[in-house]
Amino acid sequence: MRIFVAGASGAIGTRLVPQLVERGHEVIGTFNSPGGADRVRALGAKPVKLDLLDPTAVHKSVLGAHPDAIAHEATALANVTFSKNFDKVFAQTNRLRTDGTDALLAAARDAGVTRFVAQSYASARYAREGGFVKTEDDALDPEPPASMRESHAAMRHLDQVVTAAGGTILRYGGFYGADNDGLIEPVRKRQFPIVGDGGGVTSFIHLEDAAAATVLALEQEHPGVYHVVDDEPAPVSEWLPVMAESLGAKPPRHFPVWLARLFAGEAVVLMATESRGASNAKAKRELGWSLRYPSWREGFEAAYGGAEAVTPIDAGRQASVTYN
């Protein structure tokens, strides 16, 4: 197949493109940052510079590529600084998930493309009631914190318009496995504490496993929503000390809820204490997906064991442990 990958130079795109090429697909990959053309070309794809927020350019690029399938993996989290104003951090990504998605879907419709796979998110989105592991059919959070409402609305829009068009939504877990992972330094420096009882549950996914599931979704055309997460949703109180140990760091500090709310905001408190994780049973059953790293336990060791100190160039990924 000819596959158009929007966001080919990003965290998931750089893992997805080589896997597609290895399986014999022809890939057209978009970029919108300096040096992106060389990165995309080195991955084995034909690079196309594209601003997804320019509908005319999107239409021209998609129709000119003559794709059989489209993967929407574009975000704008590189070089952002995480703050307690969650929606401010995700403002550009929210536009890519709304206006950018609308532009891609319109172009896909005019190009006669029905295979459309888009990146969404699983953890910290579900209603904070009932069990701590949710399926794709469970209710989303009806009242997210004020600082997260625009981001939740953007993902709802993404999910709704893509599935309405017969496409596939992949709700990924928190990404890890990148060399420049923004989690490394905060955990190493004990700047990522356990808040309250640390009971908020996170679902993780190694980037290579996320890409593998995306390949299967593109090849098989299964409309609907799928969780792309590992086998072991876990509370912060459980996974964070393991990550610290993998990095050779001291155990994480503990903050009371009131202090975390004061300095980090309500969104962080929610993710740390009330967040729900996700089940991957549907993706494994219907896509025939298997994981290289079934649990973050072996994944963290593979990704972080012996990791050298780095300067985070994707500080937004510091939040991706619970929200991408």
Side-chain angles (χ1 to χ4, degrees), residues 1-52 57-58 61-78 93 96-97 100-101 103-104 107-108 111 113 115-121 162 167-173 175-181 205-222 226 228 283 287 289-293 299 303 313-314 316-317 320 324:
M1 289 193 300
R2 287 173 59 86
I3 301 176
F4 188 92
V5 177
S9 62
I12 184 69
T14 53
R15 276 78 180 175
L16 175 61
V17 170
Q19 291 192 30
L20 288 170
V21 171
E22 184 178 353
R23 292 171 72 93
H25 300 294
E26 182 181 355
V27 181
I28 300 92
T30 78
F31 68 95
N32 195 31
S33 59
D38 290 339
R39 289 196 297 274
V40 172
R41 190 177 293 110
L43 295 170
K46 177 183 177 181
V48 174
K49 182 173 175 58
L50 180 63
D51 178 1
L52 283 185
V58 171
S61 294
V62 171
L63 267 66
H66 304 289
D68 301 300
I70 295 174
H72 180 6
E73 301 289 350
T75 61
L77 297 176
T93 293
L96 291 171
R97 287 171 169 164
T101 300
L104 273 175
V113 178
R115 295 195 182 199
F116 193 103
V117 175
Q119 174 186 153
S120 188
Y121 192 64
V162 170
T168 303
I169 285 291
L170 301 182
R171 289 180 181 165
Y172 296 112
F175 289 149
Y176 72 95
D179 292 338
N180 60 354
D181 196 325
I205 190 67
H206 192 287
L207 283 163
E208 294 293 339
D209 282 328
T214 308
V215 170
L216 293 173
L218 286 163
E219 291 180 339
Q220 299 178 47
E221 193 172 10
H222 281 283
Y226 292 85
V228 177
L287 300 180
W289 175 51
S290 60
L291 292 88
R292 180 183 301 182
Y293 301 107
I313 66 172
D314 184 1
R317 202 172 295 141
S320 77
N324 186 26

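What's counted below: heavy atoms across the whole structure, side chains too, no hydrogens, waters or symmetry copies. In this chain, residues are counted from 1 in sequence order.
A distance-only check finds no donor-acceptor pair linking the side chain of His72 to the backbone of Ala6 [under 3.5 Å]. Judged by distance alone, the side chain of Glu73 and the main-chain N or O of Val5 form no donor-acceptor pair under 3.5 Å. At least one donor-acceptor pair under 3.5 Å links the side chain of Thr168 to the backbone N or O of His222.
Applying the side chain to side chain donor-acceptor pair (under 3.5 Å) rule to Glu26 yields the partners Arg2; only residues at least two apart in sequence or on another chain are considered. Every side chain to side chain donor-acceptor pair (under 3.5 Å) that Gln19 has, sequence neighbours left out, goes to Glu208.
Each of Thr30, Leu96, Val62, Val113 was compared with Leu104 under the side chain to side chain contact (heavy atoms under 4.5 Å, CB included) criterion, and only Val62 meets it.
In this structure the side chain of Thr93 reaches within 4.5 angstrom of the side chain of Leu77, judged on heavy atoms. Within the 4.5 Å cutoff, no side-chain heavy atoms of Phe31 are placed close to those of Leu50.
Between Ala65 and Phe4 the shortest heavy-atom distance is CB-CD1, 3.8 Å. Scanning both residues, Pro18 and Arg15, for their nearest heavy atoms gives CD-O, 3.5 Å. Here the closest non-hydrogen pair linking Arg39 and Pro34 is NH1-O, 3.5 Å. Nearest heavy atoms, Tyr176 versus Ala303: CD1-CB, 4.0 Å. Considering every non-hydrogen atom in both Gly177 and Leu207, the closest pair reads C-CD1, 4.3 Å. Counting all heavy atoms, side chain and backbone alike, Gly29 lies closest to Ala8 at CA-CB, 3.5 Å.
Distance check, rounded to the nearest 0.5 Å: CZ of Arg97 to OH of Tyr121 gives 9.5 Å. One finds the CZ atom of Phe116 at 5.5 Å from the CD1 atom of Ile70 (value rounded to the nearest 0.5 Å). The CD1 atom of Ile3 lies 8.0 Å from the CG atom of Asp68; values are rounded to the nearest 0.5 Å. The distance from atom CZ of Arg41 to atom NZ of Lys46, rounded to the nearest 0.5 Å, is 10.5 Å.
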So Lys49 and Asn32, side chain to side chain contact (heavy atoms under 4.5 Å, CB included) or not? Walk me through it.
CA-CA 6 Å; Lys49 182 173 175 58; Asn32 195 31; 3.3 Å; yes
Counting only pairs under 3.5 Å, give me each side-chain donor-acceptor contact of residues 209-218, with atom names and distances, residues two or more places apart or in other chains.
| residue | atom | partner | partner atom | Å |
| --- | --- | --- | --- | --- |
| Asp209 | OD1 | Arg292 | N | 2.7 |
| Asp209 | OD2 | Arg292 | N | 3.4 |
| Asp209 | OD2 | Tyr293 | N | 3.0 |
| Thr214 | OG1 | Tyr172 | OH | 2.6 |
| Thr214 | OG1 | Ala210 | O | 2.8 |

